[in-house]
Protein chains: 2
Amino acid sequence: MPTIKDVAKAAQVSVATVSRVLNQDKNVSPQTRQKVLEVVQKVGYTPNMLGRNLRRKNTERVLVLIPSLSNQFLSGVIRGVESAAKEKDLQVMISATHNDRAAEEGYLEMLDNRSVDGIILVGSTLEREEISRLANQYPLVMCSEWIEGAAVSAVGIDNERAAFDAVNALLSGGRKRVAVISNEEVYSARLRTQGYRRALAQAGVPYRQEYEVDHYEYTYRAGMRACRKLMALPEPPDAIFAVSDELAAGVCKALIEQGITPGREVDVFGFDNTTMSKVVTPSISTISQPRKKIGETALELLWERMEHPEGNYRLVLLPHELVLRDSSRKIN
Amino acid sequence: MPTIKDVAKAAQVSVATVSRVLNQDKNVSPQTRQKVLEVVQKVGYTPNMLGRNLRRKNTERVLVLIPSLSNQFLSGVIRGVESAAKEKDLQVMISATHNDRAAEEGYLEMLDNRSVDGIILVGSTLEREEISRLANQYPLVMCSEWIEGAAVSAVGIDNERAAFDAVNALLSGGRKRVAVISNEEVYSARLRTQGYRRALAQAGVPYRQEYEVDHYEYTYRAGMRACRKLMALPEPPDAIFAVSDELAAGVCKALIEQGITPGREVDVFGFDNTTMSKVVTPSISTISQPRKKIGETALELLWERMEHPEGNYRLVLLPHELVLRDSSRKIN
DNA sequence: CACCTCCATGTAATCGATTACAGTTCCTAT
DNA sequence: ATAGGAACTGTAATCGATTACATGGAGGTG
């Protein structure tokens with residue numbers, strides 16, 4: 001690969017001049033500029049980013065760190081990030097942590113060693129203090145999933161409220177025995193459980209411990225297992241709210257296996273409005289998050305941190321929407 | 001952030017010595033090493049990768065370039081890449097092109113400007129010559145989806161054979177009128193169409209133009225549309241082979257809407273063995289690719305190119321498996 | 001005509017690491 | 001006692017860019 005020196009030599013100018021041409025510095029005569037550009041063209045010169053980055057002390061690159069790649073919701077979020085990043089001429093890279101702390105720390109080290117200019121973190125295995133420390137030192141924001149009480153900018157929806165709305169929809173459809181399948185290890189899911197409880201409380205429905213099932217994985221298998229457990233209760237629920245669509249799909253599958261039709265005998269509600277919630281039969285009622293907008297906002301927040309490292313942290317909550325389908329009775 | 005100079009000063013040694021300690025050079029006395037490590041610890045020094053990369057002329061980082069993030073199959077492939085990359089101490093980054101040529105070219109430029117050491121490309125919008133040129137100049141391999149006739153190392157399955165096997169399974173189940181939903185713009189899908197045709201030919205089933213539906217997108221909506229079209233034919237098919245599970249799920253949904261049960265009146269076959277093929281009712285027969293192995297092999301091939309740039313290109317075809325479920329009659 | 005300004009360009013420092021080469025100390029073998 | 005070599009450490013070049021500062025010439029003004 002030719003370097004800036006080669007170009008300078010071939011164009012019979014100094015490296016400074018070549019650099020000026022390439023960086024739109026106006027102090028270059030049209031003739032010289034012309035000549036340099038010709039040479040650049042001819043030898044196929046591309047600036048070496050390692051050199052440039054070292055000198056400029058930045059990379060114009062941001063990293064999105066997600067727990068898992070096979071998440072349709074997140075892929076929508078990332079499209080939002082990409083779209084906003086394009087505006088700012090930032091390159092977007094993605095890596096998956098698989099909830100592995102060592103892996104996550106490895107990627108976060110890229111902030112220390114300047115491999116990326118900033119990180120958008122979707123959930124984390126780290127503690128609140130650790131996150132706060134990083135966010136204080138570097139451009140780092142959280143997205144969709146954040147850490148309770150951490151000092152960091154974040155964007156997502158009001159999970160408590162969304163769950164409250166979903167359960168309310170089930171209750172106003174006439175259901176009385178609403179169960180929830182949640183995940184106490186994840187903050188957003190804990191908030192959803194709280195919303196579930198508040199809806200029940202507000203409707204005067206007594207709280208039942210046995211209607212709250214905790215599951216670590218958001219897989220359809222976990223959903224099936226949880227559903228079987230619930231339906232085996234002496235008094236099985238007549239509605240099930242799951243904190244993810246894949247869980248909800250598993251619930252539906254387990255119900256169908258038992259000869260129960262979701263949306264008739266038992267309502268089912270999911271979360272995230274993924275393709276799966278539309279494809280399965282019956283289609284599943286769910287919560288739709290403004291994915292793209294969430295991603296865009298995440299990048300805006302990150303940009304804010306990059307431009308004003310001393311500014312205040314912000315928490316942005318975007319509006320969600322209920323999507324009512326066949327797995328729950330319509331409200332009228 | 002402290003630099004190597006700060007550490008050197010604090011430890012009262014030269015930068016060379018600090019560097020030696022950090023790079024396991026054995027020519028350092030235990031006392032000095034000890035002292036340097038203490039200072040490194042104390043000031044929280046991390047080597048600046050921009051400096052190191054420039055000097056070493058590499059980044060120990062590889063990029064996986066995929067068309068779309070919301071692809072469960074690919075996420076399995078990437079896990080394979082990550083797992084193999086760990087062995088070689090390479091960091092994996094992922095970016096999505098969304099089949100946008102400009103975006104793809106932007107990311108491929110990272111080879112020119114040395115931002116990454118190599119790229120694993122899953123499909124491409126570029127021409128054969130362009131790919132060949134890049135693969136000749138830099139470590140670049142293709143994975144799952146490659147370009148017909150391009151001079152580049154690649155790994156995937158024998159798509160023609162896999163489709164042949166799938167269609168044979170349908171035929172040996174007693175089906176006579178097998179249709180296919182494919183995508184002529186994608187090489188792997190073209191190969192699958194060829195396998196479909198060969199299976200029909202071998203079974204002596206006459207070829208019917210109207211049984212081959214071409215669809216650009218691999219979405220369930222496209223599958224529904226294609227299915228309706230097929231079932232509206234004067235002589236509708238009694239089996240449908242779709243080149244992706246999501247298409248197949250759409251086919252099933254459209255069939256159910258028409259009161260037809262997949263696996264009874266009409267068989268359905270998908271491709272990729274994604275969660276969706278398991279979750280929908282009835283579950284969908286499909287082809288399973290060794291995702292993780294594919295990813296691992298892709299990284300091995302890339303490593304091969306990095307170590308021996310002058311070596312020969314290799315095409316590795318891994319074995320696939322038929323997964324028979326409820327959407328097709330079992331063979332007995 | 002002397003002086004000043006502005007423009008175009010070049011020289012050299014710099015970013016933060018690695019590493020070739022050189023120098024010092026000290027041990028060992030003759 | 002001394003040459004030779006091993007072990008340790010430092011000095012300075014280097015990677016490929018950007019950029020502060022210096023320089024020289026053109027043009028304008030009183």
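Bear in mind that the values here come from a model prediction, so they are computed numbers and not experimental data. Below, chains carry the letters A, B, ... as their sequence lines are ordered, and counting in each starts from 1.
The salt bridge (charged side-chain N to carboxylate O under 4.0 Å, His left out) contacts involving residues 116-125 of chain A comprise nothing, where partners must be two or more places apart or lie in separate chains. Pairs engaging residues 120-144 of chain A under the salt bridge (charged side-chain N to carboxylate O under 4.0 Å, His left out) rule: A:Arg101-A:Glu127, A:Glu130-A:Arg133 [sequence neighbours left out]. Residue pairs meeting the side chain to side chain donor-acceptor pair (under 3.5 Å) criterion with at least one member in residues 36-50 of chain B, sequence neighbours excluded: B:Gln34-B:Glu38.
The outermost nucleotides of DNA chain D lying under 4.0 Å from heavy atoms of chain B, listed 5' to 3', are D:dC8 to D:dG16.
With sequence neighbours excluded, the residues that form a salt bridge (charged side-chain N to carboxylate O under 4.0 Å, His left out) with B:Glu300 are B:Lys88. Applying the salt bridge (charged side-chain N to carboxylate O under 4.0 Å, His left out) rule to A:Glu304 yields the partners A:Arg314; only residues at least two apart in sequence or on another chain are considered. Taking B:Glu307 as the reference, nothing meets the salt bridge (charged side-chain N to carboxylate O under 4.0 Å, His left out) condition, with sequence neighbours excluded. Legend: residues meeting salt bridge (charged side-chain N to carboxylate O under 4.0 Å, His left out) with B:Arg33, ordered by chain and number and at least two apart, are absent.
For residues 39-59 of chain B, proximity to DNA chain D is found at B:Leu54, B:Arg55, B:Lys57, defined as any non-hydrogen atom under 4.0 angstrom from a strand atom. Sorted by residue number, the members of residues 20-29 of chain A with any non-hydrogen atom under 4.0 Å from DNA chain C read A:Arg20, A:Lys26, A:Asn27, A:Val28, A:Ser29. Contacts of residues 8-19 of chain A with DNA chain D (heavy atom under 4.0 Å): A:Ala16, A:Ser19.
Each end of the helix from C:dC1-D:dG30 to C:dT30-D:dA1 gets its own axis from five base pairs, and the two axes differ in direction by 50°, given to 10 degrees.
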